[in-house]
Engineer: 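Below you will find the structure I want to go over with you.
Chain A is the first sequence line, chain B the second, and so forth, proteins listed ahead of strands; every chain is numbered from 1.
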Amino acid sequence: MHIHNADIASVFSEIADLLELEEGNPFRIRAYRNAARTVETLAPSVEDLLQEGRDLSELPGIGADLAGKIAEIVHGGGTCALREQLRHELPEGIGTLLRIPGLGPKRVKLLYQERGIHTPEQLLRACEDGQLRTIHGLGEKAEQRILEAVQSRMSKTTRYSIALAVQLIEPLVRYLKQHPAVVRVEAAGSLRRMKETVGDVDIVVASRRMEEVTAHFVRYEGVGRVISHGPTRASIELAQGMQVDLRAVEPESFGAALHYFTGSKAHNIEIRTLALKRDLKINEYGVFAGEARIAGDTEESVFASVGLPFIAPELRENRGEIEAARDGKLPHLVQLSDLKGDLHSHTRASDGRNSLREMALEAQRRGMAYLGITDHARHGGWSVDADALARQADEIDRLNEELEGITLLKGVEVDILEDGALDLPDAALARLDYAIASLHTAFELSREKQTARVLRAMDHSSVCVLGHPTARLLTGRAAVELDVERVIRHARECGCALELDSQPERLDLNDSYCMMARDQGVLVAIDSDAHSVLDFDNLRYGIGQGRRGWLEKRNVLNTRTLGQLREVFDKHRTAVH
DNA sequence: GCCGTTTTCGGCCCGACTGTTTTCAGTCG
């Protein structure tokens, strides 16, 4: 049985929850939460690291004890003695109550002691019967809030794609900017860090008349419900259900507040710890030496106060960025404007919504030097066969003669069959500039078979790019079982690039794997996978994810000129022959 | 339970809002 990093993280999270209910040492609890986060966001499989004999206590936040517990979980089939002991000591399922907004350890404990409640279902019944308000320390309001929270938790998802969050927030930011008392507005939080999904959005506003701003905020037409509303802080739920928190500060505190609310929490704790060592205190109002405010109007000034250069928001996950900043080794992150072209797009010849010409003209308008046309080739469904590909190639030749400043590349997105062969004859591939090979079927193969399948496809001389390598969909489908570390090593050997598909539901490769590809010197193609002219806008999300993975311009295939790109493709062909 | 540019022991980020607790605990971010 393969133990995933997420399984280990989940054991640690549960231990933290249960320790919290036992009112254990808060720092011990935090250590378990930190460890859960470290393991969860780690790209290589912890199980593999163990097999290679690596010392896990080298991981940040993992010491000898937790390294031992990880080994225990891996070898013990997914659990460890501490979790089992805690589960035995506490009523079954009580940990899940902690995830209900408004309920912390004290109240959960109270609910169990006073009314024997330890499941969401029991809690729902107790709220409906009006029992909660009779408990000392709770009242009618608390009961109502908890009832709503339980109901909404049972009915809907709590995270939104980055694209949806951006769509909802941009008009709200414009609305806030209209108010005369507003000096600056910036969306912070995980949205600013470009996380693939966001749970809620934090907005920071600079103003001298803060109460007017929070009042303006809660009057926004998109508000579904006001959760809280104070003079400097307010929370709303948009009609679509997403929570938005606004925090207003004086303009001289804007940088400190922006840094504070951008997070991540782990990054902030590190920065504040650095400040403490210099006898400084950092809060959302600024950096303080005793009573004196010495910085905070800009984020740069906050970083400078602890001796660091500016760290890009996408890096702020406490994954080594602070050490890199200290050592002058921060990456020069890739930017949207570095992209010279796009290697993955669809037309009406398969499942795209625009014609070849329309796609070409849009790419030209956006200043791309090249656009790869990669319609689907597969059995059945909307796709191109060998004949259609040949006709498309002729049309591409004609358009390339006609269009200025842009070159269309003849490509295809070919399905990888279950045995790793491609779903298109070699003769049809021969006329093309390159192929993207992707998994679109047989997602359930074992890790060994899936990995072998992908490695074989990468060895085909036409396959210069492996498309959305793990085939995950953030809206539902988990990543396939795949030894991505091995795929990356293989990519290095055969000169195949790995794709970062910019569709917000994919963002595949994810940030951790991008980091791994970067470390191995494997090129990443940040592609739109556009199915219409509008989809080129998605590149911003791919760039965001790539920046989270520390990618620099040199790590990204489509920052190359057309000539350099062709050289990379040729190198792959030579390597696999 | 982790960690070390004062430390292998003694620290571990900090403030706003809500509700009900007549002075502040609990929760959240």
Engineer: I'd like to know whether the aromatic ring centres of H229(A) and F217(A) sit less than 6.0 Å apart in this structure.
Structural biologist: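 Distance test on ring centres: not under 6.0 Å, no.
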
Engineer: Is any side-chain N or O of R28(A) closer than 4.0 Å to OP1 or OP2 of dG1(B)?
Structural biologist: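 Answer yes for this pair, as a side-chain N or O of R28(A) is under 4.0 Å from OP1 or OP2.
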
Engineer: Say you pick atom C1' in dT6(B) and the same atom in dG11(B); how far apart are they, in whole Å?
Structural biologist: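 Those two atoms are separated by 13 Å.
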
Engineer: Hydrogens and angles aside, do S264(A) and R316(A) bring a side-chain donor and acceptor to less than 3.5 Å of each other?
Structural biologist: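 Result is no, nothing qualifies.
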
Engineer: Remember a base hit wins even if backbone is also touched, and classify T232(A) as base, sugar-phosphate or nothing at under 4.0 Å, heavy atoms.
Structural biologist: sugar-phosphate

Engineer: Please state whether the phosphate of dC13(B), meaning OP1 or OP2, lies under 4.0 angstrom from any side-chain nitrogen or oxygen of R30(A).
Structural biologist: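 The answer is yes; a side-chain N or O of R30(A) sits under 4.0 Å from OP1 or OP2.
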
Engineer: On DNA chain B, does the nearest nucleotide to I269(A) precede the nearest nucleotide to R326(A) from the 5' side, or the other way round? Give the residue.
Structural biologist: R326(A)

Engineer: Would you kindly compare A234(A) and L66(A) by the position of their nearest DNA chain B nucleotide and give the one closer to the 5′ end?
Structural biologist: L66(A)

Engineer: Going by the side chain to side chain donor-acceptor pair (under 3.5 Å) test, name the single residue among R209(A), R208(A), H216(A) that passes it with E212(A).
Structural biologist: R209(A)

Engineer: Answer yes or no: does a side-chain N or O of N268(A) lie under 4.0 Å from OP1 or OP2 of dC13(B)?
Structural biologist: no

Engineer: With sequence neighbours excluded, give me every side chain to side chain donor-acceptor pair (under 3.5 Å) pair touching residues 100-112 of chain A.
Structural biologist: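 Qualifying pairs: E23(A)-K109(A).
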
Engineer: Just to be sure I understand the rule, does E140(A) reach a base, reach only the sugar-phosphate, or reach nothing, if contact means heavy atoms closer than 4.0 Å?
Structural biologist: sugar-phosphate

Engineer: Checking all strands, does K69(A) fall into the base, sugar-phosphate, or nothing category for heavy-atom contacts under 4.0 angstrom?
Structural biologist: sugar-phosphate

Engineer: Apply the side-chain contact (heavy atoms from CB on, under 4.5 Å) test between E317(A) and each candidate in R37(A), H267(A), K265(A); give the one that qualifies.
Structural biologist: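 Among R37(A), H267(A), K265(A), the one that satisfies the side-chain contact (heavy atoms from CB on, under 4.5 Å) with E317(A) is R37(A).
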
Engineer: When the C1' atoms of dG29(B) and dC13(B) are considered, how many whole Å apart are they?
Structural biologist: 12 Å

Engineer: With sequence neighbours left out, what residues match D511(A) under side-chain hydrogen bond (donor to acceptor under 3.5 Å, both in side chains)?
Structural biologist: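 Counting only residues at least two positions away or on another chain, D511(A) forms a side-chain hydrogen bond (donor to acceptor under 3.5 Å, both in side chains) with R319(A), R548(A).
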
Engineer: Quick one, V205(A) and R247(A) - any side-chain contact, counting heavy atoms below 4.5 Å?
Structural biologist: no

Engineer: Looking only at side-chain N and O atoms, does T134(A) offer a donor or acceptor that is under 3.5 Å from a partner on R115(A)?
Structural biologist: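 Side-chain D/A pair, R115(A) to T134(A): present.
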
Engineer: Is the terminal nitrogen or CZ of R225(A) (NZ for Lys, CZ for Arg) located under 6.0 angstrom from the six-membered ring centre of Y220(A) and within 45° of that ring's axis?
Structural biologist: no

Engineer: Could you state the CG-C1' distance from L276(A) to dT5(B), rounded to the nearest angstrom?
Structural biologist: 15 Å

Engineer: Among side-chain atoms of T79(A) and E84(A), is any donor-acceptor pair under 3.5 angstrom?
Structural biologist: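 Present: a donor and an acceptor within the cut-off.
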
Engineer: Quick one: is dC17(B) close enough that its OP1 or OP2 comes under 4.0 Å of any side-chain N or O from T214(A)?
Structural biologist: no

Engineer: Just wondering, are more than 12 heavy atoms of other shown residues or ligands nearer than 6.0 Å to CZ in R54(A)?
Structural biologist: no

Engineer: For N34(A) and dG11(B), give me the distance from atom CG to atom P, rounded to whole Å.
Structural biologist: 20 Å

Engineer: Would you tabulate the pairs of protein nitrogen or oxygen atoms and nucleotide nitrogen or oxygen atoms of nucleotides 7-10 of chain B closer than 3.5 angstrom?
Structural biologist:
none

Engineer: What distance, rounded to whole Å, do you find between the two C1' atoms, one in dT8(B) and one in dC17(B)?
Structural biologist: 41 Å

Engineer: Whole Å only: how far is the CZ atom of R33(A) from the C1' atom of dC12(B)?
Structural biologist: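 Taking CZ of R33(A) and C1' of dC12(B), I get 16 Å after rounding.
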
Engineer: Provide the distance between the two P atoms, one in dT22(B) and one in dC28(B), to the nearest whole Å.
Structural biologist: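 22 Å, rounded to whole Å.
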
Engineer: Taking atom C1' in both dT20(B) and dG26(B), what distance in whole Å separates the two?
Structural biologist: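 About 12 Å, rounded to a whole number of Å.
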
Engineer: Using a heavy-atom cut-off of under 4.0 Å over every strand shown, decide if I282(A) touches base, sugar-phosphate, or nothing.
Structural biologist: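 Counting heavy atoms under 4.0 Å across all strands, the contact made by I282(A) is with sugar-phosphate only.
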
Engineer: Heavy atoms within less than 4.0 Å of DNA chain B: which residues of residues 293-316 of chain A have one? Give them sorted by number.
Structural biologist: none

Engineer: How would you list all residue pairs meeting salt bridge (Lys or Arg N to Asp or Glu O under 4.0 Å) that involve residues 327-336 of chain A, not counting sequence neighbours?
Structural biologist: none

Engineer: Find every protein N or O atom lying less than 3.5 Å from an N or O atom of nucleotides 27-29 of chain B, and list the pairs.
Structural biologist:
unit_1	atom_1	unit_2	atom_2	d
dT27(B)	OP1	G104(A)	N	2.8
dT27(B)	OP1	G104(A)	O	3.2
dT27(B)	OP1	R107(A)	N	2.9
dT27(B)	OP2	K106(A)	N	3.3
dT27(B)	O5'	G104(A)	N	3.4
dC28(B)	OP1	G102(A)	N	2.3
dG29(B)	O3'	D202(A)	OD1	3.3
dG29(B)	N2	Y260(A)	OH	2.7

